[in-house]
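Worth saying up front: this structure is predicted, and the values here are computed from it rather than measured. Remember, it's 1-based here, ligands and their atoms both numbered in the order they're listed. Along the sequence shown, residues carry numbers from 1.
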Amino acid sequence: MKALVLEKPGETPEMAVKEIPAPVPGPRQALVRVRACGFCHHDLLVMRGVLRRGVKPRLVLGHEIAGEVVETGALVSTVFPGDHVVSLLTDACGVCLRCAQGREHRCLVGAGIGHGADGGFAELVVVSEASLVKLPPELPLAEACVLACPLGVAVNALQDGGGLSSGETVVVTGAGGGIGVHAVQVARAAGARVIAVTTSAEKADRLRGLGADEVVIAPDLDFAERVAASTNGEGADVVLNVLGTVAFDACWRSLAQFGRMVVAGEVKGGAVPLSPAELLFKDAKLVGVAGVSRRHVQTAINLVQQGRVRPVVSQTFRLDEWMQVYEAVRERRPFGRVTLTP
Ligand SMILES: [Zn+2]
Ligand SMILES: [Zn+2]
């Protein structure tokens, strides 16, 4: 089969489409024919060599996989050849304590798909049954690949992480990116008032089209005063920080009393100063969120089927066009997700 193989990470990664043996499913795994695979910021970080821990040598990247099941292992009982599926980000065992708790994304023995195990930038991939969620056949696979990461991640971040409820105000940073475009819609569907923060003026109209009540263009990420001005000085109930350190201070200053900051991304690394006194006087919560469980993906599927959230895939590329994708994502040009199709 054809696969895009990462030979050597670096700022100019060595990567090529190669002919490699098709993977064989284990007893609890399914072989999936990949129809589309989203290109995530995680893929960019592995390609650049920023993320190295646990990365498999000669890796096939890609964890946002939608496709058709072609073959299943002997113990598989929930998916069948011909089923349309989307993958979680982790190849979960399905039987450990975490999996039993419905926290498959934190499986005690699972490997990251497209990280510790080969992923979906290939014609075929094997994924454990526990990490495949069945899709209604009417959802186009070209768009359904975003239903776990990043759309399910947005659901996890706002619902579980932020405890967002109707009538609250939410700030979405990185609003034009993969998590952001979906978080804007998930927040809107929850009945929240949405303030979308983007560094790019060209994305503003499209964010309003997705349901943002207000768009703040902040190339320098200094948006706290704008948030204060549009909330009568109260601040936002939930602030989704997908940028990590670089946006931490502005996110913190944007929080209302009893506010929750959800950190769901880190683009630079490093540490931030945090005053415990401010945390307690604000009755604030600081929450980290990464990945999705099956439950979050099911919620995402329901939202899409009800027409309340639209998957945002702005461009599709072939595997051999990976360099264009790498450069575009590095420069944060795409609106929403771009995908690769084998
Ligand atoms: Zn992803
Ligand atoms: Zn497990």
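Between SG of C96 and SG of C107, the angle at the Zn ion (ligand 2) works out to 110°, rounded to 10 degrees. Centred on the Zn ion (ligand 1), the angle running from C40 (SG) to H63 (NE2) is recorded as 110°, rounding to 10°. With the Zn ion (ligand 2) as vertex, C99 SG and C93 SG subtend 120°, rounded to 10°.
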Next item on the list: Output, in order, the C-alpha distance, side-chain angles, deciding distance and verdict of ring pair (Phe, Tyr, Trp, His ring centres under 6.0 Å) for H42 and H115.
Entry: CA-CA 9 Å; H42 172 271; H115 189 104; 4.9 Å; yes

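Closest N/O/S atom of E64 to the Zn ion (ligand 1): OE2.
One side chain, S293 or H296, offers a donor N or O that lies under 3.5 Å from an acceptor on the other.
No donor-acceptor pair under 3.5 Å is formed between the side chain of N232 and the backbone N or O of E234. R98 places no side-chain N or O within donor-acceptor distance of the main-chain N or O of E104, the cut-off being under 3.5 Å.
Within a 6.0 Å sphere centred on NZ of K134, heavy atoms belonging to other residues, nucleotides or ligands number more than 12.
Residue C149: an N/O/S atom is found under 2.8 Å from the Zn ion (ligand 1).
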